[in-house]
Structure formats: structure tokens, C-alpha cells
Novice: 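Please read through the structure below; I'll follow up with questions.
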Amino acid sequence: MRGAILYSLFVMVLMSSCHDQSSKEKVSYSIDSIPTPPGLTAEVSALEFLEDGRLVAAFMRGEILFYQPETKKWEVFATGLHEPLGLKVINDREILVMQLPELTLLKDTDGDGKADVYETIYDDFGMTGNYHEFAYGPVADQQGNLYVALNASSSGGGISEETRGDKMMIGKSETSKAMFSVVPYRGWVMKIDKDYRVTAVASGLRSPNGMILDAEDRLYVTENQGDWVGSSALYHVQQNRFYGHPSSLVWTEGWNRGNPFDLTVHELDSMREKPAVIFPHDILANSPSQPVLIKNHKELDIFDGQMIVGEMSSERLVRIMLEEVNGVIQGAATVFIEGDGLRKGNNRLAFAPNGDLWVGQADHGWLGDRGIQRISFTNKIPFEVRNMKLKKSGFEIEFTKPVQKNSLLVDSVIHARRYRYHYHEKYGSPQIDVEPVRIKERILSKDGKKLQLDLEKLDKDFVYEIGLDHIVTEDRLDTLENKLMMYTIKELL
Amino acid sequence: MVTTKCIFFSLFLTLSLLFPAYTGLNKAESDIGKEIKLSVLPGLRFDVPRFHVTPGQSVQIEFANTDDMDHNLLILKPGARENVVDLATKLGAEGITKQYIPDTESILWHTDILHAGDETTLSFIAPMDEGIYPYVCTLPGHGNIMYGAMYVNSTGDMPPLEKDSAISQIDREAGHIHHQTKDHPYDLKAPYHYRLYVAGASPAAIAVHLPGNLSYCWDASLCDLRFMWEGGFVDNTELWKGHKDAKAEIQGNIFYRQSELPSLMIGTSREPQERPQFKGYKLVGDGYPEFHYQLNDVDIFETLRETSTKKGIVREFRIEGLDEALILRLTPQRGVQCVYQGEVVLNTELRLDAQSAKDFQVEYNFEKQ
């Protein structure tokens, strides 16, 4: 198996004893690869943890396995599932799994360690047999409501002779190769309450391969670049909103506007809710996947409340910092971990009870990799941008450690530019309206940790990219490794 | 819809004018020209791993992007692939506007980006210098996997596919007859099942393999038996690749297909019934799924097992809360006998009163060839 290589990076340990060298590592962590059992095709489709520290991993061929990190023993919990893309552990004998045809509650009723009951919780949605009809989730809010998301169907595939659910062909474009929604709720987020009553939440999704609720119970999904998605994004999902991919509109209650692809781009644009965060394509992430929330984490406490998102197309994880501006969630993104032995295909993430971040990889015909890796953090605080906030005149950038003032003196050290993306049926968008933005003023706070940047131009509906080169800590021991911050402005102060 | 540009090269004309005859070449072959139809396979692969042309031959590549991702096609100078891919990656966000074509003389010919379903033609005159000219897609991440080789020589020599270092590993491996010994990290012992896409059922299908090399497909959206077969189970190879609506392949012979659906009707009125609600299944005995569904507020449990002679499959029903008669419809098929309580059922349906319908079974026996 490819997962057998062990990476052990103790660079930070070395760095801390070599003060004269410039630091190359941003965080104190090590990455190792978990050996998977022979015969397993380790395309990881879901990852979670049992309370006792055992990993629960699902794979594209339908297996759910338990892994005990101490003994390195794998055990089979369930088999025969259809692309199980999400898990929610209830306890070590009950696990919810989202598979292509349904949300299922797996139960080990006789206590032999294997599920013997596969109880269908929710299957009242359509399927056409299209290979792209992935189903994501479930995630649970604090009231115990479950949320799942249903992928739109791909024009790269077709519609089988037999389908499930009512069919409405106006959910497919007659002229373009857009993804489609001809059976109920493809492209929607659905809510399942404790009594298993289902409500449709929001439409307009294309391929939302990642769901999360934050500490305030706000729901988010990640979205993949493609038709009607200029660059990949994070959406803050709210009831009855439409997130931009037209096909799923046909399942809106009372929909009477015909084929949504016949609406003008202008009409669709005015209906849609824009991303909370855009992941600039070819800069940050081309295929974002599952987010995890940093919460009560000893080593990552400085990033409390922020999210880490997987990225399929490169050896990278992304960090997201959100804030509320005029009641709207928006924010910035940057690299969290890149390289250092991390593989591509980072599809699923889960924090172990001890704080290790486990990453499951998949490719499944796309760019990616296979296997499971574990990221262990140390106590060393990395020198990073801790947070980025919008101000009236620009941005406030907060660092995890005081900054060496002189390192900010050179003009070229900090640069800003902005751009946006087309909203159109074409697959993806180049950056448009790209322009440098002059920084009028830069003010470092007394404690050296907060840098205020006043910009000449500050407008809505742009991604602002701030580059921070050669910034060192006050003690000159660390250089800022992740130098690019990307903030998506939906609202101005 | 995006229109793709057909790229024709003035080079063609120029060369034709400059070199009206190609000395030392098989004139007939070079005159004929070479037409290559190139498309994209799932998993970042060109469908043609390599091809041969003679020096100076006119070449026409009809490139169809049959994938759901964007791709382009570049033909490069020998040995230039890694460098060009690297340069394309470094274009970063500019890549998309530049069609992921970096500025380098190593690129001989190229297309723009082709979106899903787009087609274009690349026409050129093959180089006079013999060598292995890579062709590649330079979209981010693709170029390290998605490439092939244009062999330019007068002899037509190419190494065996499985030893050709100029093509991608997956194409090289395709040169071997390749069997993975195990599909899962455990041994499969019947009964076991897969939820899958398979022809002859809805996308919410369940295939179950039984002892005796018998199998059946039960449909979780109709809550009904669809077909039974013997002599093998399913080949999921294409399905597991996950692309292009692949379905599991049935191995063996289907001996019974339930044509009248639903097969089970509560009451005798033959009125259309409500849609049944699938409630899941429980693994009983050695792992036989006992399916559970609701129809008209009645809980129906169905288990299918091999018969004791292993010459057929028995459908066992357990129905809770039934106070009506019911009909089980059968589809007569050559070589199959349906047996209820030891008697062959000659009718196309079996009618049972509420009492006998609470718990009953029907065998579907086939005559082994």
C-alpha cells in the first residue's frame, strides 16, 4: 500500500535549537502515514472518531472499518455500502452513514463489533443512476437536527433507464453541458429533524463535498469550481437561499419559472447568495472538501473557532477565518499546511480525541491520492497570521507573535491586489478586474501583533489578496511562512 | 456553449512548400497522413497511450474532451514534459487565461482548454527529427499523470507497452494482464451484499450473493425482487472507478426476472398501491439480509435464501399487521418452477388469505443445465 511510508518531521524541534537559521516551518507538527490493511483500496470517503479514540473510516467500496491507533489493529464494522461519503458516530454501536441512496443508521445490536441492522433513516430523494450523485453529511446541530447535501448530476454522465423519485426534465439545460437536477433535491441541502421529518433547506449547489456547523450552529458547505462556480467556495447556508447553480431551482416549492437555465445570468445573479469565502483557483484550492472546526484544542488554541478545510488537488490544507459584518458571514482564507509529506486528495478530516488531525485521501478518477495520514501538533506556537478582519478603511491583520517593526519598513514587504470571478455557465472563471491596490497606511499596534492596513480602494464583491513577504518575529526567530491572505468582501463596514 | 478554436498551423503550408518531397521516407505513408482520434478516459488518461508517425508525415489529431473536467493538449519536444508541466503549474491563477500554455519553445503544438464535450482538431507536420515527442494535458495536477507519446521514426518501432517509460504508469500497467487478488481487506463469504448501480433495477439496488453460487437483486426503491441469477456474482471493476455511469456487471446467468411489479399486492382489488417505504434490513443467520418495508401501514419482512438443494432461491415473507388477503405475482419463465407448500404454482399469481399470508414462502427453482 502506498500509505506505508512514514514521514517524521521534527523540523521545528531542530529549528528551535538553531537560532541563526531562518525558520522554514510554520507550525510545530509531524505527519505520519497510517498503514492500511492488505486488500483495502484506501479511497477514504469518511472519517470520524469513537469516544474511546478508535478511528472510524469509510471507503469508496463500501467498507466501514475501525482502527485502534495503539494496537494498530483494523476491524470491520460494516460492508456493502454504496459510496458512504459521510459518518456521524452516535456511540460505538450506532453510527449514521450517508451513502448514495440513503441516510442509514448502522447498529451493532448483538455487541459482536459488527453492524447487523442497516436502518433507513432518509431515502426520499431522487436518483438517476448518474455517477456524480454523491450524498454528503450528515452533520448535526445543537438541537440534534441532521443536515445532508445532495450533489447535482453530471453532464459527463447520463440518466439511467430506471430512476428513483419524480422526474422533472426542466432541471437540465437544453443548451449547455451544465450539471443537472431532474430528480428531487439534487443540488440541495436537506434537514432531518429528530423525528425524521425532512425539510428542504437551500438550493443552488453543484458539488458540495464538505459540510460543517460552527460553534454558533451556523451551517456551511464547501463548493467545487465548475459550471456556475467561478472559483471554489465556502457558503454559509441559510434557509430558503439559493447558492448559484441553477438546476436545483426546479425543486423550489411553487417553482413556476420553467427551465431555470433559461433565466438570464442577471436574474440568477440577483437571486443567488454569494460565497462567504472564495478559494482562489490555482492559488489556494481547486477542490475543497471537508472542513473541521478548531474548538477547545490545546495546541491550536490560537486559532479557536476557525476551520481547517481539506483540498483534493494539492498537498495542502486550508485555514478559514470568518467574521460577521453587517449580519453577514464572510472572511479570509490561507494555507494551513502544505507539503511536509502530506499527500494530495485530502478528502476527509477528523480530530482525534487527543487532538491529532487525521486526514483521509481519495482520488476516485480525479486528481488525488489514497490512504490515511495523521498530523500531530506540538506546543510550539507557529508564526502565522492569526486572524484577518475587515475595517472601515482596510484590514486588520493579527499575528500569532509580535512582529519585528523594521521588517515592515520596506514598501514591497506588504502588497495588496484584488480581483473577482465571473458568474456564468462556463466551467470556472479566470480572475477578472485584477488590479493592484495601494496601501495608504500601515500601522503596527504597540504590542506588535496587530497590523492595520488602510487601502486606497475598498469595495464589495472582490477578493482582496494581501501578500506579506519577509515578515519576521520580534525575536527574529521565525519568518512568516504563509504569506498570502485572501479575504472575500461581501459586505463593507 | 463554448466554441473551441480549431488550430491550424501555417507551418503545414510552409513545410509543404519548402520540402515538396521527403527524401528517405516511405512516400506513400507520409502522403496518406495520419489521423488520430484522441479522447479522455476517467482518471486523467488519454484513451490513446501512444502512437506512431513517420518523420514529416502530416498528422491530424481529432481531440474530444469526453471527460467532465477541462483539459488541453500539448505536443512537446522530446524530454520536455516535466519542465513544461512545471512551468504550467507556476502560471498559478494566470494559468486559466493563458490556457495553461507556458511561454516556452519546448511546446510544438497545442490546443486551448477544452471544456467537457468540446472537440477540436490539431493538424501539423510531424518533425523530421526522429524521437519520442510527449503529448500532455497541462491543467494543474494533470500533467504528471495525463500524458502519452508520439513516436516519430521511419521504422515504426515502439517498445512493448508494459516496458514503455514514455507513457504513464497506468497505461504501462494496462499492458499487463492485471488482476487484483482481493477486492476488500477481508474474505468474502456468502451470503454478502453490495448496494450498487446495476442494469435491470433502480439506482437503489442491492445485490446479494448466496451460498451455492446463487444471487439476487432486490430493489430498495420499489421494495421488490428484480432478478435472480446463478453461476457468479457481480464484477464491480468499472463501478468502483466511479465514472461515466458505470454499472456492476452481472456474472453468470439470470434465471428469473420479476416482470410484473410490484410482485406483492395487499388486498385483491389490484388497485394501484401506495409507494412502499423502505425501512432497511437486518442481517440474520449467517448474514442474510431481512428486508423491511411498509406498505399500507403493514410491515413486511422479506428474506431470500438458497434452497436446501441449492437449485433455487426461496423468498420468505413475514407480514405484521395484515388483515387482508394478498396476491404474490409470479413471472413464468422457461426452466423455472415456482413452488408453494410443496406444490408447483401453475398460475401467474398466488392468492393467500390474511392468515396464510402472515408467514409464507415461495421457492424459485431452476433446472440446472
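Convention: sequence-line order gives letters A, B, ...; per-chain numbering from 1.
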Novice: Out of curiosity, A:M127 CE to B:S221 OG, how far, rounded to the nearest 0.5 Å?
Specialist: 8.5 Å
Novice: Can you say whether A:D227 sits under 4.5 Å from chain B via the side chain, the backbone, both, or neither, judging by heavy atoms?
Specialist: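 Neither part; nothing is under 4.5 Å.
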Novice: Is atom CD of B:E82 surrounded by more than 12 heavy atoms (other residues, nucleotides or ligands) closer than 6.0 Å?
Specialist: no
Novice: Give, as side chain, backbone, both or neither, the part of B:D219 having an atom under 4.5 angstrom from any heavy atom of chain A.
Specialist: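 When you check distances to chain A, only side chain atoms of B:D219 fall under 4.5 Å.
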Novice: If you round to the nearest 0.5 Å, how far is CG of A:D282 from CG of B:L91?
Specialist: 9.0 Å
Novice: Which atoms of A:S314 are under 4.5 Å from chain B, going by heavy atoms: the side chain, the backbone, both sets, or neither?
Specialist: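 Contact with chain B involves no heavy atom of A:S314 at all.
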Novice: With a 4.5 angstrom heavy-atom cut-off, could you sort out which part of A:N130 is near chain B: side chain, backbone, both or neither?
Specialist: both
Novice: Does A:D112 have more than 12 heavy atoms from other residues, nucleotides or ligands lying within 6.0 Å of its CG?
Specialist: yes
Novice: Side-chain contact, heavy-atom cut-off 4.5 Å: B:W240 with A:M60?
Specialist: no
Novice: Counting heavy atoms not belonging to A:E435, are there more than 12 under 6.0 Å from its CD?
Specialist: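 Yes, CD of A:E435 has more than 12 neighbouring heavy atoms, counting only those of other groups under 6.0 Å.
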Novice: A:Q99, A:H132, A:E102: which one forms the most heavy-atom pairs within less than 4.5 Å of chain B?
Specialist: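 Ranked by contacts with chain B, first place is A:E102.
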Novice: With a 4.5 angstrom heavy-atom cut-off, which part of A:E119 approaches chain B: side chain, backbone, both or neither?
Specialist: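 It is both, since atoms from each part get that close.
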Novice: Taking the side chain as every heavy atom from C-beta outward, state whether B:R195 and A:P101 have any atom pair closer than 4.5 Å.
Specialist: yes
Novice: Would you say that more than 12 heavy atoms from the other residues, nucleotides or ligands in this model lie under 6.0 Å from the NZ of A:K483, or not?
Specialist: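 Count over threshold, so yes.
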Novice: Can you find a pair of side-chain heavy atoms, one from B:H184 and one from A:E63, that are under 4.5 Å apart?
Specialist: yes
Novice: Between A:D116 and B:L283, is there a donor-acceptor pair closer than 3.5 Å when you use the side chain of the first and the backbone of the second?
Specialist: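 No; judged by distance alone, with no hydrogens or angles, the pair does not exist.
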Novice: Carefully, step by step, assess A:K426 and B:H115 under the rule side-chain contact (heavy atoms from CB on, under 4.5 Å).
Specialist: CA-CA 8 Å; A:K426 268 169 78 171; B:H115 303 303; 4.1 Å; yes
Novice: Checking heavy atoms, do the side chain of B:A207, its backbone, both or neither come under 4.5 Å from chain A?
Specialist: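 Nothing of B:A207, per the 4.5 Å heavy-atom cut-off to chain A.
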Novice: Salt bridge check: are A:E162 and B:R226 linked by an N-O gap of less than 4.0 Å?
Specialist: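 Answer for the salt bridge query: yes.
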Novice: Just give me the residue among B:G95, B:A199, B:A201 that pairs up with chain A most often, heavy atom to heavy atom, under 4.5 Å.
Specialist: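 So the answer, after comparing B:G95, B:A199, B:A201, is B:A201.
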Novice: Where do A:Q431 and B:A93 come nearest, in terms of heavy atoms and distance?
Specialist: NE2-CB, 3.3 Å
Novice: By a 4.5 Å heavy-atom criterion (distance strictly below it), what part of A:L100 contacts chain B: side chain, backbone, both, or neither?
Specialist: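 Just its side chain gets close to chain B.
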Novice: Hey, what do you get for CG (B:D245) to CD (A:E133), rounding to the nearest 0.5 Å?
Specialist: 8.5 Å
Novice: Fit a plane to each ring of A:H82 and B:Y197, take the angle between them on a 0 to 90° scale, and name the class: parallel (under 30°), tilted (30 to 60°) or perpendicular (over 60°).
Specialist: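 Because their plane-to-plane angle is over 60°, the rings of A:H82 and B:Y197 count as perpendicular.
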Novice: Is chain A contacted by the side chain of B:R275, its backbone, both, or neither, given a heavy-atom distance below 4.5 Å?
Specialist: side chain
Novice: We want to know whether B:K282 and A:T109 form a side-chain donor-acceptor pair, criterion being a heavy-atom distance below 3.5 angstrom.
Specialist: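 Looking only at side-chain atoms, A:T109 and B:K282 do not form any donor-acceptor pair under 3.5 Å.
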Novice: Heavy-atom pairs under 4.5 Å with chain A are the metric here; pick the option from B:L44, B:L196, B:T66, B:T97 that has the most.
Specialist: B:L196
Novice: In terms of heavy-atom pairs under 4.5 Å, which option from B:Y281, B:Y192, B:Y194, B:F278 contacts chain A the most?
Specialist: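 Of the candidates given, the most pairs with chain A belong to B:Y281.
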Novice: Could you look at A:I283 and say if it's the side chain, the backbone, both or neither that has a heavy atom under 4.5 Å from chain B?
Specialist: side chain
Novice: Against chain A, label B:I145 side chain, backbone, both or neither, depending on which of its atoms sit under 4.5 Å from a heavy atom there.
Specialist: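 Looking at B:I145, just its side chain touches chain A.
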Novice: Do A:L65 and B:P185 have side chains that get closer than 4.5 Å, going by heavy atoms?
Specialist: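 Yes, close enough: below the 4.5 Å cut-off.
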Novice: Does a side-chain heavy-atom distance below 4.5 Å link B:P140 with A:N286?
Specialist: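 They are in side-chain contact.
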Novice: Is it the side chain or the backbone of A:V117 that comes within 4.5 Å of chain B heavy atoms, both, or neither?
Specialist: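 Answer is both: backbone and side chain atoms of A:V117 are under 4.5 Å from chain B.
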Novice: Checking B:Y186 against chain A: side chain, backbone, both or neither under 4.5 Å from a heavy atom?
Specialist: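 The answer is the side chain of B:Y186.
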Novice: Please flag which part of A:A178 lies under 4.5 Å from any non-hydrogen atom of chain B: side chain, backbone, both or neither.
Specialist: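 A:A178 has no heavy atom closer than 4.5 Å to chain B.
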Novice: B:K247 and A:S160: which non-hydrogen atoms are nearest, and at how many Å?
Specialist: NZ-OG, 2.8 Å
Novice: Let me know if A:S429 has heavy atoms under 4.5 Å from chain B in its side chain, its backbone, both or neither.
Specialist: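 Looking at A:S429, just its backbone touches chain B.
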Novice: Measuring heavy-atom distances to chain B, does A:I121 have an atom under 4.5 Å in its side chain, in its backbone, in both, or in neither?
Specialist: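 No part of A:I121 comes within 4.5 Å of chain B.
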Novice: Contact part of A:T79 toward chain B, heavy-atom cut-off under 4.5 Å: side chain, backbone, both or neither?
Specialist: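 For A:T79, the contact with chain B is made by backbone and side chain together.
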Novice: To the closest 0.5 Å, what do you measure between OH (A:Y427) and CG (B:D118)?
Specialist: 12.5 Å
Novice: Would you please go through residues 288-303 of chain B and name the residues with a non-hydrogen atom below 4.5 Å from one of chain A, in numerical order?
Specialist: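 So far as heavy atoms go, nothing in residues 288-303 of chain B approaches chain A to under 4.5 Å.
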Novice: Rounded at 0.5 Å granularity, tell me how far CG in A:D123 sits from CD in B:Q277.
Specialist: 7.5 Å
